[in-house]
Amino acid sequence: MNSVNSTSQNSPETIVFDLLYSQLPRYFSESMQLDLNAKVSKLEQIGFETGYRLVERLTRDTPRFKSDLDVVKFICKEFWSVLFKKQVDNLRTNHQGVYVLQDSKFRFLSSMSASSQYMASTPCYLAFPCGLIRGALSNLGITSVVTAEVTDLPSCKFQIQAQAA
Amino acid sequence: MAVALALINKDNSPLYLRTVAEPANGEVAHKLLYMLHTSLDVVEEKVNSSVPGKNDSRDLCLGVLYSLDEYKLYGYVTNTKIKIVIIVELGVAVQFRDNDLRNWFNRLHQAYTEVISNPFYVAGEEIKSKKFEAVVNDIMRKQ
């Protein structure tokens, strides 16, 4: 985990991943001829699988979580730093299963031009991280629905709606 | 050292079961499997019963679950609710320390995370991995 954290924002490995990632939505729309909904759900599914497996490894040395809030805090800190090289900027909750995570400079959107021109294509780029979060939560015992919302690039809001067990 | 070992999924279905009992010796094998299965209640109790401030241990290792006849059971639960139970003969249990036990559990946990990182493994399936098997063999070997 330390080696991942210590790599700088522009190291070759992060760039390779960013470029690969930016190609994913295009691949699905051009070569598989999927419409927007099918594409988003496919990317979300890939994210889910990834998050599910990844969290098994990330939580190996963490103490046991005592509440759902502990789990969400873990997502905001460790999970976020490993994936997006920073922590969540703001976490809000109504203590009834709704958590809003705000990231003011989201990694996957930071290379996009901050204009409304590309707003329409943001769902494709946020489906994978939504899936990642949902997969991680699911493996940690929280069934949830995760949605993302962008009002102002590159900041981004994720809403987690936890289902009662 | 260990005579039986089980990895149990979050929905309490077995992922991996192993005993040292000879296949011909059905009675011992049955007994060990029976103990592994009945220990799940104790694991559940230990994980859920923590009263804040009293015994709210955040340790993944649960330590001794209980001892029965000539066996002693130890438990471990990961953050993802995968349970690991190990049975050791009482005569052996007095010799080894807490550290050895943690070491075993950590190795098994590590082996499990490697299994789940394998893209061909579907979560919840029975574990069939040579590397995982090697770790188990090392823990179960006679000394």
Side-chain angles (χ1 to χ4, degrees), chain A residues 1-4 17 20 24 42-83 95 128 131-144 160 162-165, chain B residues 7-13 15-16 43-63 75-84 99 102-125 127 129 131-132 135:
Chain A
M1 236 161 90
N2 284 332
S3 64
V4 177
F17 178 73
L20 170 73
L24 264 179
K42 193 102 192 155
L43 285 164
E44 210 263 359
Q45 189 57 39
I46 298 173
F48 181 85
E49 288 282 332
T50 314
Y52 193 94
R53 287 166 198 266
L54 180 70
V55 83
E56 189 72 53
R57 196 184 180 90
L58 296 183
T59 56
R60 195 159 66 200
D61 302 312
T62 49
R64 191 184 306 288
F65 302 122
K66 283 293 164 191
S67 63
D68 286 1
L69 189 60
D70 271 358
V71 174
V72 177
K73 278 183 187 162
F74 166 82
I75 297 282
C76 291
K77 290 178 180 161
E78 281 86 352
F79 188 76
W80 221 263
S81 2
V82 167
L83 285 167
H95 295 287
F128 180 72
L132 281 173
I133 300 168
R134 193 171 67 90
L137 288 172
S138 153
N139 201 3
L140 293 170
I142 303 176
T143 316
S144 61
I160 299 168
Q163 243 107 80
Chain B
L7 220 83
I8 292 139
N9 204 1
K10 52 185 101 221
D11 58 0
N12 284 345
S13 60
L15 290 172
Y16 189 89
V43 171
E44 206 110 297
E45 206 173 284
K46 284 222 177 203
V47 173
N48 295 330
S49 73
S50 62
V51 183
K54 203 176 168 193
N55 55 345
D56 59 341
S57 159
R58 293 180 156 236
D59 203 344
L60 298 181
C61 185
L62 300 174
Y76 183 99
V77 181
T78 72
N79 272 311
T80 51
K81 305 281 184 290
I82 306 290
K83 302 152 192 103
I84 309 175
N99 267 349
R102 274 165 206 279
N103 185 8
W104 283 2
F105 280 130
N106 284 338
R107 280 169 58 200
L108 282 169
H109 192 179
Q110 180 136 13
Y112 175 71
T113 54
E114 268 157 32
V115 168
I116 205 157
S117 304
N118 172 3
F120 296 106
Y121 174 77
V122 179
E125 266 182 8
I127 296 172
S129 150
K131 283 184 182 167
F132 186 83
V135 173

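- Residue pairs meeting the side-chain hydrogen bond (donor to acceptor under 3.5 Å, both in side chains) criterion with at least one partner in residues 112-121 of chain B, sequence neighbours excluded, are A/R60-B/T113.
- Between the side chain of A/R64 and the backbone N or O of B/V47 there is no donor-acceptor pair closer than 3.5 Å.
- When heavy atoms are compared at a cutoff of 4.5 Å, A/T62 approaches chain B by way of both its backbone and its side chain.
- Counting heavy atoms from C-beta on, the side chains of B/K10 and A/N139 come closer than 4.5 Å.
- Residues from residues 102-111 of chain B that place a non-hydrogen atom less than 4.5 Å from a non-hydrogen atom of chain A comprise B/H109, B/Q110, given in numerical order.
- Scanning both residues, B/T78 and A/E56, for their nearest heavy atoms gives OG1-OE2, 4.1 Å.
- Rounding to the nearest 0.5 Å places CG of A/L58 at 11.0 Å from CG of B/N79.
- Of the atoms belonging to A/Y52, it is side-chain heavy atoms, and not backbone ones, that fall under 4.5 Å from chain B.
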